[in-house]
*Asks:* 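First the structure, which I've put down as structure tokens, then a few questions once you've had a look.
Note that the structure is a prediction, hence the values are computed from the model and not measured.
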Amino acid sequence: MAERFLNHIGGQWLPSRSGRTFQNLNPATGEVLGEFSASNADDVDAAVGAAADAYRFWRLTPAPKRAEIVYRAGEIIRARKEELARVMTREMGKILIETRGDVQEGIDMAYLAAGEGRRMFGVTTPSEMPNKWAMSVRSPIGVCGFITPWNFPFAIPSWKMMPALVAGNTCVFKPATDTPETAWHFVKIFEEAGLPAGVLNIVFGSGRAVGDPIVEHPGIAVVSFTGSTDVGNAIGGKGGALGKRISLEMGGKNAIIVLEDADLQLATEAIVWSAFGTTGQRCTACSRVLAHEKIHDELAERVAKMAAAWKVGDGLDESVNMGPCINQGQLETVQKYVAIGRGEGRLATGGAALTGGAHAKGFFHEPTVFADVKEDARIAVEEIFGPVLSIVKVKDLAHAVAVNNASAYGLSSSIFTKDVNRAFTAMRDLDTGIVYVNHGTTGAETHLPFGGNRGTGNGHREAGHTMMDPFTEWKSIYVDFSGKLQRAQIDNS
Ligand code: UN1
């Protein structure tokens with residue numbers, strides 16, 4: 001019988017109140033990996049209650065002490081990196097070097113966030129009145145809800161919850177139903193690190209049954225979400241109407257610009273890695289190349305050749321370059337766009353799902369490249385979230401920047417050139433939250449702000465020096481030690 005994994009509420013491991021469960025499947029083999037609590041609004045309510053109780057003491061625990069627990073969690077994660085990576089590859093499908101990287105982001109984030117426990121600097125400033133003190137400090141907000149995706153099952157919960165915990169908030173965590181086991185380990189590790197009961201609660205279940213009640217619950221002050229633009233915008237609308245702080249990280253359609261003077265071998269390697277790493281299922285994945293017309297054909301040929309050589313299979317096999325799509329629905333989306341692409345561009349490689357032999361039970365698809373795609377073609381504009389790349393011909397840098405910035409999304413972008421003047425022009429003009437020069441569109445580091453413009457986000461950045469912003473309120477404090485009534489803007493004018 002499959003192992004049972006329970007919710008964690010108020011320090012106890014509990015089945016869902018309804019007793020129902022759902023299965024966690026391996027997308028490469030179809031194997032059932034475990035049974036998880038299928039929760040609903042009752043379980044969310046219990047978790048919010050536990051988190052609200054815990055908030056009373058957690059907000060008063062000194063920040064360096066809160067941070068020590070996060071640091072200890074980082075040490076445990078480091079010791080278990082390989083085990084966690086294997087759990088993640090089994091349930092998510094991406095290859096082991098990538099799942100190790102995902103866990104490494106969690107370790108990096110733990111140490112980075114833990115350091116903030118002894119910083120979290122506020123600002124002191126002179127008052128306009130004599131004998132009066134003025135300063136501003138960060139305060140925690142309360143119970144925060146976290147709705148996280150399946151593509152970075154360890155890194156994204158880490159970016160979100162580690163700073164939130166150091167800041168003094170308590171958490172209700174709903175991970176994606178496709179990757180619940182990695183999330184279960186995340187919470188177990190914090191329990192082992194000594195996080196008090198109720199501070200971090202996990203409730204497994206679907207977006208409708210658990211995500212919506214989190215967004216709607218009056219006890220939740222902040223909702224932090226990473227996932228699709230449709231779901232994110234719905235959360236933004238609903239949560240915004242309830243006056244909550246909503247931090248959204250959503251879709252992307254990230255471009256790599258390759259100018260005619262670029263190192264084409266380097267650009268090819270970066271494009272293939274950015275487009276087909278994680279089976280194209282990163283928010284930061286490159287899904288369009290904007291190639292200068294002079295090198296378009298040669299670049300397309302090189303990229304297609306390298307992509308065709310990639311081995312597709314079970315991510316636990318170290319010789320594999322690319323794992324499966326996460327589930328049947330995602331594979332069908334990829335197939336739908338490949339069919340659309342056949343009418344919009346020239347298929348340079350790939351184009352088919354892999355169904356026989358070792359691929360029979362998984363959701364595998366070939367790395368697929370379309371060349372000569374028009375800049376406004378659907379495959380060049382819409383997010384696919386799979387191993388499908390469009391190569392678009394552009395006239396010059398200005399044209400490439402215009403095409404990049406016309407996207408509904410604005411997460412990451414990249415330029416390959418040896419010309420420092422054009423590189424700096426691109427750094428200034430590319431309208432995305434992340435810009436790379438002579439590097440692909442993936443691989444953001446945890447100590448820089450992560451997030452995007454336009455349809456990608458709603459103005460928040462995660463991690464980096466901005467890590468506390470979504471999870472703290474600024475409080476301005478004035479202390480008058482003059483012993484008399486001093487009226488600002490009146491008595492000193
Ligand atoms: C995501 O796809 O949502 O920059 C996150 C990167 C990784 C994180 C991606 N560090 O590609």
*Asks:* Is any side-chain heavy atom of Val222 closer than 4.5 Å to one of Lys244?
*Replies:* no
*Asks:* Using only atom types and a distance under 3.5 Å, with no angle test, would you say the side chain of Asn254 pairs donor to acceptor with the backbone of Ala285?
*Replies:*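 Yes: the side chain of Asn254 pairs with the backbone of Ala285.
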*Asks:* If the threshold is 4.0 Å, N to carboxylate O, is there a salt bridge linking Arg378 and Glu344?
*Replies:*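 Salt bridge: no.
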*Asks:* Is it the case that the side chain of Thr89 and the backbone of Arg86 share a donor-acceptor pair, with hydrogens and angles ignored and the cut-off at 3.5 Å?
*Replies:* no
*Asks:* Say you draw a straight line from CG of Leu259 to NZ of Lys418; how long is it, rounded to the nearest 0.5 Å?
*Replies:*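 Separation between the atoms: 11.5 Å.
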*Asks:* Please check: side-chain N/O of Thr279 versus main-chain N/O of Cys325, any donor-acceptor pairing under 3.5 Å?
*Replies:* no
*Asks:* If we ignore angles and hydrogens, is there a donor and acceptor under 3.5 Å between the side chains of Asp230 and Ser228?
*Replies:*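 No pair is found: no donor N or O on one side chain lies under 3.5 Å from an acceptor on the other.
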*Asks:* Any donor-acceptor pair under 3.5 Å linking the side chain of Asn26 with the backbone of Glu31?
*Replies:*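 Flag not set: sc Asn26 to bb Glu31 has no pair under 3.5 Å.
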*Asks:* Is the side chain of Asn7 donor-acceptor paired with the backbone N or O of Pro15 at a distance under 3.5 Å, no angle test?
*Replies:* no
*Asks:* Can a donor-acceptor pair be found between the side chains of Glu91 and Asn24 at a distance below 3.5 Å?
*Replies:*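 Judged by distance alone, the side chains do pair up.
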*Asks:* Return yes if a side-chain donor-acceptor contact under 3.5 Å exists between Thr284 and Thr441, otherwise no.
*Replies:*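 Not at all, the side chains of Thr284 and Thr441 share no donor-acceptor pair under 3.5 Å.
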*Asks:* Going by distance alone, is a donor N or O of one side chain under 3.5 Å from an acceptor N or O of the other, for Glu375 and His399?
*Replies:*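 There is such a pair (donor and acceptor under 3.5 Å, judged by atom type) between the side chains of Glu375 and His399.
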*Asks:* Determine whether a donor-acceptor pair (N or O, by modelled atom type, separation under 3.5 Å) exists between the side chain of Asp261 and the backbone of Thr417.
*Replies:* no
*Asks:* Pair Leu25, Leu33 - check side-chain contact (heavy atoms from CB on, under 4.5 Å), show working.
*Replies:* CA-CA 6 Å; Leu25 302 181; Leu33 300 169; over 6 Å; no
*Asks:* Counting C-beta onward and ignoring hydrogens, is there a side-chain heavy-atom pair between Ile246 and Phe225 closer than 4.5 Å?
*Replies:*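 They are not in side-chain contact.
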*Asks:* Can you name the one residue among Phe146, Phe152, Phe154, Phe450 that meets ring pair (Phe, Tyr, Trp, His ring centres under 6.0 Å) with Trp159?
*Replies:* Phe450
*Asks:* Once you round to the nearest 0.5 Å, how far does CZ of Arg302 lie from CD1 of Ile295?
*Replies:*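 Going from CZ on Arg302 over to CD1 on Ile295, the span is 9.5 Å.
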*Asks:* Can you confirm if the aromatic rings of Phe5 and Phe204 lie within a centre distance of less than 6.0 Å?
*Replies:* no
*Asks:* Can you tell me how the ring of Tyr436 sits relative to the ring of His439, calling it parallel under 30°, perpendicular over 60° and tilted otherwise?
*Replies:* parallel
*Asks:* Taking the side chain as everything from C-beta on, heavy atoms only, tell me whether Ile220 gets closer than 4.5 Å to Val215.
*Replies:*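 When only atoms from C-beta onward are counted, Val215 and Ile220 do not touch, as no gap falls below 4.5 Å.
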*Asks:* Whether the side chain of Arg282 engages the backbone of Phe385 through a donor-acceptor N/O pair (distance < 3.5 Å, no angle test) should be reported.
*Replies:*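 It does not hold such a pair.
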*Asks:* Would Glu98 and Thr278 count as having a side-chain donor-acceptor pair, cut-off 3.5 Å?
*Replies:*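 Yes.
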*Asks:* Just checking, Lys160 and Phe471: is the charged tip under 6.0 Å from the six-membered ring centre and within 45° of the axis?
*Replies:* no
*Asks:* Please test Asn151 against Ile326 for side-chain contact (heavy atoms from CB on, under 4.5 Å), starting from the C-alpha separation and ending with a verdict.
*Replies:* CA-CA 8 Å; Asn151 66 337; Ile326 186 70; over 6 Å; no
*Asks:* Rounded to the nearest 0.5 Å, what's the gap from CE on Met92 to OG1 on Thr99? Could you check?
*Replies:* 9.5 Å
*Asks:* Under 3.5 Å, is there a donor-acceptor pair between the side chain of Asn40 and the main chain of Asp42?
*Replies:*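 Checked: pair present.
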*Asks:* Assess whether atom NZ of Lys336 is packed by more than 12 heavy atoms of other residues, nucleotides or ligands within 6.0 Å.
*Replies:*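 Yes, the 6.0 Å shell around NZ holds more than 12 heavy atoms from other groups.
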*Asks:* Would you check if Arg454 and Ser407 make a side-chain contact, meaning some heavy-atom pair closer than 4.5 Å?
*Replies:* yes
*Asks:* For Asp45 and His217, does a side-chain donor sit closer than 3.5 Å to a side-chain acceptor?
*Replies:* yes
*Asks:* Nearest 0.5 Å, what's the OG-CD1 distance between Ser414 and Ile271?
*Replies:* 8.0 Å
*Asks:* Hey, could you give me the CD1/CG distance between Ile434 and Leu411, rounded to the nearest 0.5 Å?
*Replies:*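 Separation between the atoms: 4.5 Å.
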*Asks:* For residues Ile214 and Val210, determine if any side-chain heavy atom of one lies less than 4.5 Å from a side-chain heavy atom of the other.
*Replies:* yes
*Asks:* Side chains of Phe276 and Val369: closer than 4.5 Å at any heavy-atom pair?
*Replies:*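 Yes, close enough: below the 4.5 Å cut-off.
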*Asks:* Distance alone, cut at 3.5 Å: any donor-acceptor contact between the side chains of Thr21 and Glu35?
*Replies:* yes
*Asks:* Closer than 3.5 angstrom, by distance alone: can the side chain of Thr466 be matched with the main-chain N or O of Gly464 as a donor-acceptor pair?
*Replies:*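 Checking the backbone N and O of Gly464 against the side chain of Thr466, no donor-acceptor pair under 3.5 Å is found.
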*Asks:* Hey, does Val388 have a side-chain heavy atom less than 4.5 Å from the side chain of Val334?
*Replies:*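 With C-beta onward as the side chain, the pair touches.
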*Asks:* Measure across Leu299 and Ala291 and return the closest heavy-atom pair with its distance rounded to 0.1 Å.
*Replies:*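 Looking at all heavy atoms of both residues, the shortest contact is CD2-CB, 4.0 Å.
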*Asks:* Within the 3.5 Å criterion, strictly below it, is a donor on Arg78 or Tyr111 matched to an acceptor on the partner's side chain?
*Replies:* yes
*Asks:* Is it true that Glu82 and Arg100 have a side-chain N and a carboxylate O under 4.0 angstrom from each other?
*Replies:*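 Judged by the 4.0 Å cut-off on N to carboxylate O distance, Glu82 and Arg100 do form a salt bridge.
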*Asks:* Would you say Asp431 and Asn404 are linked by a side-chain donor-acceptor pair, where the criterion is simply a distance under 3.5 Å?
*Replies:*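 No, because no side-chain N or O of Asn404 sits under 3.5 Å from a partner of the opposite role on Asp431.
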*Asks:* Atom CE in Met467, atom CZ in Arg461: separation rounded to 0.5 Å?
*Replies:*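 Here the interatomic distance stands at 15.5 Å.
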*Asks:* Is the closest side-chain heavy-atom distance between Ile391 and His296 below 4.5 Å?
*Replies:* yes
*Asks:* Looking at Ser16, Ser18, Ser37, which one forms a side chain to side chain contact (heavy atoms under 4.5 Å, CB included) with Asp43?
*Replies:* Ser16
*Asks:* Okay, side chain of Lys174, backbone of Gly205: is any donor-acceptor separation there less than 3.5 Å?
*Replies:*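 Yes; at least one donor-acceptor contact below 3.5 Å.
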*Asks:* Any luck finding a side-chain donor-acceptor pair between Tyr337 and Glu382 under 3.5 Å?
*Replies:* yes
